[in-house]
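As a basis for the values below, the full set of heavy atoms in this structure was taken, side chains included, without hydrogen atoms, waters or symmetry mates. All of these numbers come straight from a predicted model, not from anything done at the bench.
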Amino acid sequence: MRTHKIAVVGIGPIGGILASNLIKNNEDVILVDIMKQKLERIKERGLKISDPNGLIRGSFEIKPENTLYSVSELDKFNVDVLFICVKAYAIESLIPEIKKIYNPELKLISFQNGLDTEKILGNAFGEEKIFRVVINYAGNLISDNEISVTFFNKPNYIGCLKKEDIPVAKELAEMISSAKLDTEYTNEIEKYVWEKVILNSALAPVSAITGLTMEEAMDLKETFEIVEQLVKEGIEVAKAHGNVFPPDFFDFCISYLRKGGYHKPSMLIDVEEGRRTEIDFINGKIVKYGELYSVEIPFQKSITFLVKGIEKRLKSAGN
């Protein structure tokens, strides 16, 4: 039985995999994306998930009942759960749209990469009913209406900003898990956010700069050494911010990153397609916190500045 009216905003690999698996689990889900061509193709041909290795539930396709081009159009649907799956840098521009449909019972879930996205929502709407998910699966767009699942290092984690919302967070974890996207509630969501940011900061920009897949970057001695230093600096900044990881955390990070296979991180795909990256919310945030706490972070700074240079070149080429 459907118990929620759900909207997923941003139908890239993360949002598309989430929405399709929720729909497959008979949830009532509206797809929202500003890319009209993409949504038209999905409406015509369905949304196909390519998962031949059964990392989540295997390959399948769904036909969504409702697709919209803007969040403000949700005012007709009485949505009570809003998954925000847009790029981290787009969250600020989304807030005015959310305000048009917002009510105090609306559950806002930052289903994104990067640091502090849930804090942006909390500042805009208050901390009640604000949730954050750390996503441990990934995929690539094959076409406008087809997504391949590339890995899932289970589980995902969900937390909330207010302790009064813990029961709701646990209910949301159960709903997402029932859709085969195993998700656990944690009261240490900030630590898991930092863990994921450290992992993303170590390999995504290296791939974006070099054009190498995750496995290729980890196999090459020179780039692997850069990855190691980025992990070490990220751990030190997290520690200064109050998130102390166990002694074997460095080894865990390296082991995790070695499981990426020939996956192209989204930052590399953004560069290849001439789009803005999420560097400001990943390495850029580590740099800001590192400077705040006077932590030496030469590798994090260098990699951030290099990706920013690439973004400048891409923007100039686009003009």
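Ring geometry for Phe245 against Phe249 counts as parallel: the plane angle stays under 30°, on a 0 to 90° scale with 60° as the upper cut.
By the 4.0 Å N-to-carboxylate-O rule, Lys100 lies too far from Asp75 to be salt-bridged with it. We find that Arg45 and Glu61 are not joined by a salt bridge, their nearest charged nitrogen and carboxylate oxygen being 4.0 Å or further apart. For the pair Lys107 and Asp80, the salt-bridge criterion is met [side-chain N within less than 4.0 Å of a carboxylate O]. Salt bridge absent: Lys170 and Glu174 never bring a charged side-chain N and a carboxylate O closer than 4.0 Å.
Contact detail for Val237 and Tyr289: the closest heavy-atom pair is CG1-CB, 3.7 Å.
Annotation: Asn103, atom CG; neighbour count of heavy atoms from other residues, nucleotides and ligands within 6.0 Å is above 12. By the 6.0 Å contact criterion, CD on Gln37 is open, its count of non-hydrogen atoms from other residues, nucleotides or ligands being 12 or less. For Lys154, the NZ atom is densely surrounded, since the number of other residues' heavy atoms within 6.0 Å is greater than 12. Atom NZ of Lys119 sits in a crowded spot, with more than 12 heavy atoms from other residues, nucleotides or ligands closer than 6.0 Å. Applying the 6.0 Å contact sphere to CD1 of Ile34 captures no more than 12 heavy atoms from other residues, nucleotides or ligands.
In this structure the side chain of Asp165 reaches within 4.5 angstrom of the side chain of Phe131, judged on heavy atoms. For the pair His263/Asn140, a side-chain contact is recorded, criterion being any heavy-atom separation below 4.5 Å from C-beta on. Put simply, the side chain of Ile176 reaches to within 4.5 Å of the side chain of Phe83, judged on heavy atoms. Arg258 is listed as a side-chain neighbour of Asp219, based on a closest heavy-atom distance under 4.5 Å. In this structure, the side chains of Leu31 and Val8 stay at 4.5 Å or more apart for every pair of heavy atoms. Annotation: side chain of Ile95 is not in contact with side chain of Tyr102 (no heavy-atom distance under 4.5 Å). Using a 4.5 Å heavy-atom cutoff, the side chains of Leu212 and Leu220 are in contact. Two residues are said to be in side-chain contact when any heavy atoms from C-beta on lie closer than 4.5 Å; Val133 and Ile109 meet this criterion.
When only modelled atom types and interatomic distance are considered, Tyr192 and Asn136 share no side-chain donor-acceptor pair under 3.5 Å. For the residue pair Ser110/Gln112, the side-chain donor-acceptor check at 3.5 Å is satisfied. For the residue pair His4 / Glu171, a side-chain donor-acceptor distance below 3.5 Å is found, with atom types taken as modelled. A donor and an acceptor atom, one from each side chain of Ser72 and Glu97, are located under 3.5 Å apart.
Not one N or O on the side chain of Glu146 forms a donor-acceptor pair closer than 3.5 Å with the backbone of Ser143. Put simply, the side chain of Asn145 gets close to the backbone of Gly46: a donor and an acceptor are under 3.5 Å apart. Side chain of Ser177 to main chain of Thr183: a donor-acceptor pair is present (N/O by atom type, distance under 3.5 Å, no hydrogens or angles). Using a distance-only test at 3.5 Å, with no hydrogens or angles considered, no donor-acceptor pair links the side chain of Thr213 to the main chain of Tyr262. Side chain of Lys36 to main chain of Tyr69: no donor-acceptor pair is present (N/O by atom type, distance under 3.5 Å, no hydrogens or angles). Here the side chain of Asp33 pairs a donor or acceptor atom with the backbone of Met35 at under 3.5 angstrom. Checking side-chain atoms of Thr150 against main-chain N and O of Ala138 turns up a donor-acceptor pair under 3.5 Å. No side-chain donor-acceptor contact under 3.5 Å links Gln229 to the backbone of Ile226. Checked by atom type and distance alone, the side chain of Asp51 pairs as donor or acceptor with a backbone atom of Ile56 at under 3.5 Å. At least one donor-acceptor pair under 3.5 Å links the side chain of Glu233 to the backbone N or O of Gln300.
Applying the salt bridge (charged side-chain N to carboxylate O under 4.0 Å, His left out) definition to pairs two or more places apart or across chains, those involving residues 261-273 are Lys87-Asp270, Lys264-Glu272, Asp270-Arg275, Glu273-Arg275.
Here the straight-line distance linking atom CD1 of Ile279 with atom OH of Tyr89 works out to 12.5 Å at 0.5 Å rounding. Between the CD1 atom of Ile286 and the CD atom of Glu236 there is a distance of 12.0 Å, given to the nearest 0.5 Å. Here Ser20 contributes atom OG and Leu18 contributes atom CG; the two are 8.0 Å apart, rounded to the nearest 0.5 Å.
Aromatic ring centres of Tyr137 and Phe151: separated by at least 6.0 Å.
Both Leu199 and Val287 are members of a single hydrophobic cluster when ILVMFWY side chains are connected at heavy-atom separations under 4.5 Å.
The side-chain contact (heavy atoms from CB on, under 4.5 Å) test with Pro64 is passed by exactly one of Ile42, Ile30, Ile11: Ile42. Screening Lys288, Lys308, Lys285 for a salt bridge (charged side-chain N to carboxylate O under 4.0 Å, His left out) involving Asp280 leaves a single residue, Lys308.
For the pair Arg57 and Phe60, the cation sits on the ring face: its NZ or CZ lies under 6.0 Å from the ring centre, inside 45° of the axis. For the pair Lys232 and Phe250, the distance from NZ or CZ to the six-membered ring centre is under 6.0 Å and the angle to the ring normal is within 45 degrees.
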